[in-house]
Amino acid sequence: MIKAVIFDMDGVLIDSEIEYLKLELAFAKKKNPAVTLQDLFGMVGSSREDEWSCMARAVNNGQTWQELRQEFRADTDVFSKMDYQKIFRPEIPSILKDIESLGLKLALASSTQMKIIERVLCENHIRSYFSVVVSGSRFRRSKPDPEIYHYTASQLKIPESQCLVVEDSTFGITAAYRAGMKIAALIDPRFGFDQSLAHYRMESLTEIPKIIRDLL
C-alpha cells in the first residue's frame, strides 16, 4: 500500500533540464564551436562530477571538469535567467490536488539548492501541497545514492516500501530503487535515460493518479 508520493523537481514539475542545457551549450561553444547540444545530453540528471566530466569531454580543451564548472558558475547566473512559471508543467496542480484527496502525503526531494526549490514551488503556487521538502545539497552524496530518499521517508514517517517516487533521470530512478521505493518514471526521449528500474513508465504525469489507485 502506498501512503506517500515523493516528486523530483527538475524534469518532472518543471521542464528545466533543456533550458539549463542551452546555457551550458552557449558556454561550451565559447571553448569549442563544434560542440552540439547532443554532446551535452550526458550532463542531464547526472552527479556533479559526471555532469561536468561530460562537458570536459565535449569541450576537449585541456581544462578539468572542476575548472570548467567553476568558470561557468562564475560567469553564468543560471537560476536568475529562468522563468519557472513558463517551464512549469500546467497539469501539476490538479494532479497534486487529486493525490491529496486520496489522503496521501506529498513530499519533494530534489538535488537542487533549497532556495531554488522554494522559488519554484512558491512562484507556481504549489508549496502548500508538500509537507516535506528536501534539498540534496544537505547530503555528502548525491543521486544515485539513496540517502536523499531514505531521509525524505524518515521525515514523512512512512516506510520506504510505502512511498511512490516520481522521477525521470537514470540517477534519480536508481536512487529511489536503492531506497526500496516504488517508481513512476516520466518518459523523456530527448535524453536517453535508462528507466529500466522503474515500476511504471508514463507518457504523461496525468497517469499518476491511476497508478496510485492501483497501489492503494
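The aromatic rings of Phe72 and Trp52 sit tilted relative to each other, their planes meeting at an angle between 30° and 60°.
Residues Ala179 and Pro146 approach most closely at N-CB, 3.8 Å, considering heavy atoms. Residues Glu147 and Arg140 approach most closely at OE1-N, 4.3 Å, considering heavy atoms. In terms of heavy atoms, Arg178 sits closest to Pro144 at NH1-O, 3.3 Å. When all heavy atoms of Ser135 and Gln113 are compared, the pair lying nearest together is OG-CA, 3.6 Å. Closest heavy-atom contact between Gly11 and Asp168: CA-OD2, 3.5 Å. In terms of heavy atoms, Asn124 sits closest to Gln85 at OD1-CA, 3.4 Å.
Partners of Arg89 under the salt bridge (Lys or Arg N to Asp or Glu O under 4.0 Å) rule, at least two apart in sequence or in another chain, are Asp15. In this structure, the side chain to side chain donor-acceptor pair (under 3.5 Å) partners of Thr36, at least two apart in sequence or on a different chain, are Asp39.
Inter-residue side-chain proximity for Phe193 and Phe41 is flagged as unmet; no heavy-atom pair is nearer than 4.5 Å. Two residues are said to be in side-chain contact when any heavy atoms from C-beta on lie closer than 4.5 Å; Val59 and Phe27 fail this criterion. For the pair Val35 and Leu25, the minimum side-chain heavy-atom distance is below 4.5 Å. Considering only heavy atoms from C-beta on, Val120 stays 4.5 Å or farther from Asp10 through its side chain. The side-chain heavy atoms of Phe139 and Val134, taken from C-beta on, include a pair separated by under 4.5 Å. Leu197 has its side chain within reach of Thr174: a pair of non-hydrogen atoms, C-beta onward, lies under 4.5 Å apart. Side-chain contact between Leu156 and Ile6 is present, with heavy atoms from C-beta onward closer than 4.5 Å. At least one side-chain heavy atom of Ile126 sits under 4.5 Å from a side-chain heavy atom of Phe88.
Checking side-chain atoms of Thr152 against main-chain N and O of Tyr149 turns up no donor-acceptor pair under 3.5 Å. The main-chain N or O of Ile117 is never found under 3.5 Å from a side-chain atom of Thr112 such that the two would form a donor-acceptor pair. Although no hydrogens or angles enter the test, the distance criterion places no donor-acceptor pair under 3.5 Å between the side chain of Asn32 and the main chain of Asn61. A donor-acceptor pair is defined here as one N or O able to donate and one able to accept, closer than 3.5 Å; such a pair exists between the side chain of Glu67 and the backbone of Thr64. A donor-acceptor pair under 3.5 Å links the side-chain atoms of Arg127 to the main chain of Phe130, judged by distance alone.
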What do the steps show when you test Ile183 against Gln195 for side chain to side chain contact (heavy atoms under 4.5 Å, CB included), and what is the final call?
CA-CA 10 Å; Ile183 305 155; Gln195 298 182 332; over 6 Å; no
Does the pair Tyr84 and Ile116 meet the rule for a side chain to side chain contact (heavy atoms under 4.5 Å, CB included), with working shown?
CA-CA 10 Å; Tyr84 287 115; Ile116 303 304; 3.6 Å; yes
Mind running side chain to side chain contact (heavy atoms under 4.5 Å, CB included) on Met82 and Leu23 for me, showing each step along the way?
CA-CA 10 Å; Met82 289 296 112; Leu23 295 174; 3.8 Å; yes
Can you list the steps and then say if Lys143 with Glu167 is a salt bridge (charged side-chain N to carboxylate O under 4.0 Å, His left out)?
CA-CA 11 Å; Lys143 299 174 185 178; Glu167 270 281 5; 2.8 Å; yes
Apply side chain to side chain contact (heavy atoms under 4.5 Å, CB included) to residues Arg73 and Arg69 and explain how you reach the verdict.
CA-CA 6 Å; Arg73 288 166 63 88; Arg69 180 176 181 270; 3.3 Å; yes
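Other residues, nucleotides and ligands contribute only 12 or fewer heavy atoms inside 6.0 Å of the OH atom of Tyr177. At most 12 heavy atoms of other shown residues, nucleotides or ligands fall within 6.0 angstrom of atom NZ in Lys97.
The CG atom of Leu164 lies 8.0 Å from the CD1 atom of Ile99; values are rounded to the nearest 0.5 Å. Atom OG in Ser16 sits 12.5 Å away from atom CG in Asp83 (nearest 0.5 Å). Remark: Trp65 CH2 to Glu49 CD distance equals 5.0 Å, nearest 0.5 Å. Summarising the geometry, atom OG belonging to Ser131 is positioned 9.5 Å from atom CD belonging to Glu100; distances are rounded to the nearest 0.5 Å. Taking CZ of Phe191 as the reference point, atom OG of Ser169 lies at 10.5 Å (rounded to 0.5 Å). The distance from atom CG of Leu68 to atom CD of Glu51, rounded to the nearest 0.5 Å, is 11.5 Å.
Both Phe7 and Ile2 belong to a common hydrophobic cluster when Ile, Leu, Val, Met, Phe, Trp and Tyr are linked at side-chain heavy-atom distances under 4.5 angstrom. Taken together through direct or relayed side-chain contacts under 4.5 Å among Ile, Leu, Val, Met, Phe, Trp and Tyr, Leu106 and Val165 form parts of separate hydrophobic clusters. No single ILVMFWY cluster, assembled from side-chain heavy atoms under 4.5 Å apart, contains both Ile158 and Leu96. Residues Ile187 and Tyr200 do not share a hydrophobic cluster, clusters being chains of Ile/Leu/Val/Met/Phe/Trp/Tyr side chains in contact below 4.5 Å. Follow the hydrophobic side-chain contacts under 4.5 Å out from Val44 and you reach Val166 in the same cluster.
A salt bridge links Lys31 with Glu71: at least one charged nitrogen is closer than 4.0 Å to a carboxylate oxygen. A salt bridge between Lys115 and Glu118 is absent, with no side-chain N of the basic residue lying under 4.0 Å from a carboxylate O of the acidic one. Arg190 and Glu17 are not joined by a salt bridge, as no carboxylate oxygen comes within less than 4.0 angstrom of a charged side-chain nitrogen.
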For residues 206-216, tabulate all N or O donor-acceptor pairs below 3.5 Å that involve a side-chain atom, not counting sequence neighbours.
from: Thr206; atom 1: OG1; to: Ser204; atom 2: OG; distance (Å): 2.8
from: Glu207; atom 1: OE2; to: Glu203; atom 2: N; distance (Å): 2.9
from: Glu207; atom 1: OE2; to: Ser204; atom 2: N; distance (Å): 3.1
from: Lys210; atom 1: NZ; to: Asp214; atom 2: OD2; distance (Å): 3.3
from: Arg213; atom 1: NH2; to: Asp98; atom 2: OD1; distance (Å): 3.0

